[in-house]
There are 2 protein chains.
Amino acid sequence: MIRLTEKERTLARRIHELKAAAGTHSPSISTFLEKVPEVELRVDACFLSNPHATDLVLDRLEKEIIRTGKLRQCIELYPSQNGVIAERLARQLGVNAGNVFVGNGAIEIIEAVLHNFVNRKVVDNIPTFSSYYEFVNDGIPVSFYRLRKENDFRLDIDEYVAFIERERPDLVVLINPNNPDGSYLSKVDLRGLLTRLRHVETIVLDESFVHFACEGDRERVQYYDLFAENPNLVIVKSLSKDFGVAGLRAGYAVMAEHRVRTLVKHGYLWNTNGLAEYFLKLYSSGDFQAEYEQARRRYLDDRDEIGAVLRAIPQINVYPSNANFFLVEVVDGSSAADLVARLLIQHGVYVRTGADKIGLEGEFVRIAIRSREENRIIVDALRASFEDAQRLAA
Amino acid sequence: MIRLTEKERTLARRIHELKAAAGTHSPSISTFLEKVPEVELRVDACFLSNPHATDLVLDRLEKEIIRTGKLRQCIELYPSQNGVIAERLARQLGVNAGNVFVGNGAIEIIEAVLHNFVNRKVVDNIPTFSSYYEFVNDGIPVSFYRLRKENDFRLDIDEYVAFIERERPDLVVLINPNNPDGSYLSKVDLRGLLTRLRHVETIVLDESFVHFACEGDRERVQYYDLFAENPNLVIVKSLSKDFGVAGLRAGYAVMAEHRVRTLVKHGYLWNTNGLAEYFLKLYSSGDFQAEYEQARRRYLDDRDEIGAVLRAIPQINVYPSNANFFLVEVVDGSSAADLVARLLIQHGVYVRTGADKIGLEGEFVRIAIRSREENRIIVDALRASFEDAQRLAA
């Protein structure tokens with residue numbers, strides 16, 4: 001069991017305060033390093049982002065924007081309006097342009113959807129991404145359907161449908177794969193579930209982690225055909241995780257045309273910055289997608305590798321994940337907070353606990369998949385933390 | 001009087017349709033060139049932006065971000081949260097951190113303010129920036145106070161105060177200098193007016209063009225001390241115009257702390273992208289501000305130069321402007337639309353008419369100030385358009 005030294009405890013308290021000030025999201029790593037300069041960060045394992053995809057985007061950016069002098073245009077000129085960018089994206093997605101809403105990151109879309117398409121009640125599955133309840137308007141109740149750890153956080157479809165029928169929400173949120181546990185509903189099951197939820201006015205299907213989901217031979221799963229079958233769907237896509245470009249703030253959603261019109265009528269006119277617009281053009285091109293596919297598969301290899309090694313550590317229980325992170329339960333009696341402090345202070349590895357996650361009771365940490373080299377640092381740090389504890393206990 | 005040829009007329013119709021599709025804002029220049037490839041654009045004189053400031057920002061960006069390899073951080077990592085960036089900005093502005101709200105461009109702030117701080121009625125002075133009425137929620141009336149061209153679009157303070165007392169809005173909008181006419185209320189007059197409007201719940205003071213306002217020896221005017229005196233003020237600042245960085249999407253507002261809390265509570269968490277965050281850091285640094293001051297003064301020289309030349313053209317009437325554009329009335333019997341088409345098709349100079357501006361009846365075009373060289377192209381094109389017309393008429 002990990003026990004912190006006095007010095008570690010003091011620093012842990014400061015980190016905890018910084019974390020509390022950032023609300024239910026980790027402070028950005030630059031904010032973190034600015035405020036806690038004595039920590040020597042080696043790996044940010046809070047950060048859910050494919051580094052191989054970042055390499056690829058940066059490489060293209062260097063060739064197509066920096067070297068050509070086009071950076072000036074991206075900085076100086078107004079970006080295109082929402083509808084113009086939507087038109088380009090729609091071709092890539094295989095949907096109508098009128099069904100695409102472009103966001104300043106998925107977070108803006110989540111906010112817009114919760115503020116505009118709920119009158120009665122929201123149902124979230126917990127644990128979940130906190131914005132899905134925090135951004136709900138005052139006066140709108142949120143009911144939580146609890147995913148159970150005994151069930152590896154998998155959704156029990158019959159039970160869930162009964163819950164929805166009892167609660168009568170007008171908006172339900174499905175994140176698939178789910179954050180923060182990585183549980184996944186196969187597309188066949190999802191399709192069946194959606195058929196049974198046609199009476200709900202709005203189903204938000206957050207597919208931000210879908211590129212990490214595997215069905216069959218690591219084929220990419222895509223959900224846009226489900227929208228054709230279920231007009232009550234609002235498919236929300238963050239591009240930060242799979243493409244490794246959180247700083248660009250790029251996201252989009254596919255939804256009924258009247259919803260897009262409602263949103264654009266009162267705002268969101270120029271919400272995409274110049275570099276995000278460039279990236280969204282890139283995203284719509286076939287040859288970039290082909291290169292990205294390699295980066296995606298390489299990252300999945302990294303995940304499988306660290307997954308196997310993590311499962312061999314006896315002090316933790318690793319939940320099955322179809323996302324780019326593992327939810328891990330500490331089972332040697334250590335507190336998750338102490339493990340996080342030890343990893344950060346002694347090893348420079350930054351992970352987050354699940355302490356602020358409603359519906360996640362127990363000693364949980366979420367470990368992001370990074371590059372192969374960084375994953376090794378994470379695993380070595382974990383092992384060392386537990387071994388030190390054992391040695392001291394012996 | 002300008003009369004278009006058949007060919008010009010056909011192209012003018014296409015441009016008009018494209019413009020209509022973009023709503024009450026000009027289509028972005030890249031959208032425009034994508035859709036009307038036969039136009040050879042030389043100067044975008046719709047574009048309200050200081051090119052010298054763009055040069056300066058790009059120079060810093062090259063040195064501090066591109067050459068140092070820090071671009072990766074700007075693209076890959078999550079930007080800081082709203083409150084963290086606000087804290088840095090507040091120091092530069094000389095206000096409390098709790099009073100600063102950071103926006104994805106001023107347009108996001110305008111949207112947020114209109115959606116959250118109006119229950120009864122809005123008063124706009126017309127002509128105005130159309131988002132100030134378009135983004136108002138359905139069911140909220142907007143009353144227009146008309147600025148008169150006979151009065152050079154200057155606000156008549158007594159008449160305006162009487163109008164406000166009669167209309168009883170809970171939100172009034174003052175853009176100073178005003179867009180699209182460039183009229184300006186001196187700070188002394190503004191302070192006096194604000195004292196008489198203390199009973200109004202919210203006064204939006206849009207200072208997006210204030211760096212182009214001159215009082216005394218071209219000193220920069222600033223309004224943050226007015227906020228200390230008038231807690232009902234919401235000061236809105238676009239950084240696109242004065243700093244020439246529209247593609248970055250950077251803006252902020254100064255407002256009462258409870259308003260900032262209301263906005264951040266339900267969203268706007270990560271609404272600043274990585275490069276905009278870098279720019280806002282730059283904006284907060286003293287040495288950058290000193291260099292910017294030179295770019296600002298140089299641009300004011302450019303404005304004065306083209307202003308004098310425009311005033312010598314007999315076919316137009318140039319209204320006094322404290323902004324980075326001139327509102328110009330065509331007085332030789334030509335239609336503004338025909339002048340715009342002629343300028344674009346024959347000379348590659350893109351200006352906009354005032355046709356979509358409520359409260360601006362007559363044949364108006366708005367001409368943006370560009371660099372000295374571009375300003376000469378604009379003026380030469382204007383002169384040539386009128387001279388051709390005279391020659392044909394003779």
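Bear in mind the structure is a predicted one, so any value in this text is a computation, not a measurement. In what follows, chains are A, B, ... by sequence order, proteins preceding strands, each numbered from 1.
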- Task: Kindly indicate, with the supporting measurements, whether the criterion salt bridge (charged side-chain N to carboxylate O under 4.0 Å, His left out) is fulfilled by Glu87(A) and Lys35(B).
- Result: CA-CA 13 Å; Glu87(A) 216 176 291; Lys35(B) 306 262 177 176; 3.3 Å; yes

- Heavy-atom contact with chain B under 4.5 Å, split by part of Asp44(A): neither

- Message: Under a 4.5 Å cutoff for heavy-atom pairs, which residue among Glu62(A), Glu277(A), Lys265(A), Gln73(A) has the most contacts with chain B?
- Response: Lys265(A)

- Query: Side chain, backbone, both or neither: which part of Ile66(B) has an atom under 4.5 Å from a heavy atom of chain A?
  - Reply: side chain

- Leu61(A) versus chain B, the contacting section by heavy-atom distance below 4.5 Å: side chain

- Query: Is chain B contacted by the side chain of Ile107(A), its backbone, both, or neither, given a heavy-atom distance below 4.5 Å?
  - Reply: side chain

- Is the number of heavy atoms from other residues, nucleotides or ligands under 6.0 Å of Arg72(A) CZ greater than 12? yes

- Using a cut-off of under 4.5 Å for heavy-atom pairs, which of Val245(A), Asn104(A), Leu114(A) has the most such pairs with chain B? Asn104(A)

- Message: For a quick test of reading the model, state the closest non-hydrogen atom pair linking Gly247(A) to Pro79(B) and the distance between them.
- Response: CA-CD, 4.2 Å

- Message: At a 4.5 Å cut-off on heavy atoms, which part of Tyr78(A) comes close to chain B: side chain, backbone, both, or neither?
- Response: both

- Mind ranking Phe32(A), Phe279(A), Phe243(A), Phe135(A) by heavy-atom pairs under 4.5 Å with chain B and telling me who comes out on top? Phe135(A)

- Message: Looking at chain A, which one of Gly274(B), Ala246(B), Ala276(B) has the largest number of heavy-atom pairs inside 4.5 Å, strictly under?
- Response: Ala246(B)

- Item | salt bridge (charged side-chain N to carboxylate O under 4.0 Å, His left out) assessment of Arg88(A) paired with Glu34(B) | CA-CA 12 Å; Arg88(A) 285 185 217 126; Glu34(B) 204 175 296; 3.6 Å; yes

- Checking Leu269(A) against chain B: side chain, backbone, both or neither under 4.5 Å from a heavy atom? side chain

- Side-chain heavy-atom pair Arg249(B), Thr272(A) within 4.5 angstrom cut-off: no

- Message: If you define the side chain from C-beta out and look only at heavy atoms, does anything of Asn271(B) sit under 4.5 Å from Glu108(A)?
- Response: no

- Item | Glu134(A) portion near chain B, given a 4.5 angstrom heavy-atom threshold | backbone

- Task: For the pair Asn273(B) (side chain) and Leu248(A) (backbone), establish whether a donor and an acceptor sit closer than 3.5 Å, ignoring hydrogens and angles.
- Result: no

- To the nearest 0.5 Å, atom NE2 of His115(A) lies from atom CG of Asn116(B) at 8.5 Å

- Point-to-point distance, once rounded to the nearest 0.5 Å, from CG of Asn50(A) to CD of Glu76(B): 9.5 Å

- Residue, of Leu77(A), Asn137(A), Leu71(A), that accumulates the most heavy atom pairs under 4.5 Å with chain B: Leu77(A)

- Message: How about CZ on Arg60(B), more than 12 heavy atoms from neighbouring residues, nucleotides or ligands closer than 6.0 Å, or not?
- Response: yes

- Message: Which label fits Phe129(B) and Trp270(A): parallel for a plane angle under 30°, tilted from 30 to 60°, or perpendicular past 60°?
- Response: parallel

- Item | Region of Tyr268(A) that comes under 4.5 Å of a non-hydrogen atom in chain B | both

- What part of Val84(A) gets closer than 4.5 Å to chain B, counting heavy atoms only: side chain, backbone, both or neither? side chain

- Query: If you tally heavy-atom pairs under 4.5 Å against chain B, which of Gly244(A), Gly83(A), Gly105(A) wins?
  - Reply: Gly244(A)

- Message: Report which part of Ile75(B) has an atom under 4.5 Å of a heavy atom belonging to chain A: side chain, backbone, both, or neither.
- Response: both

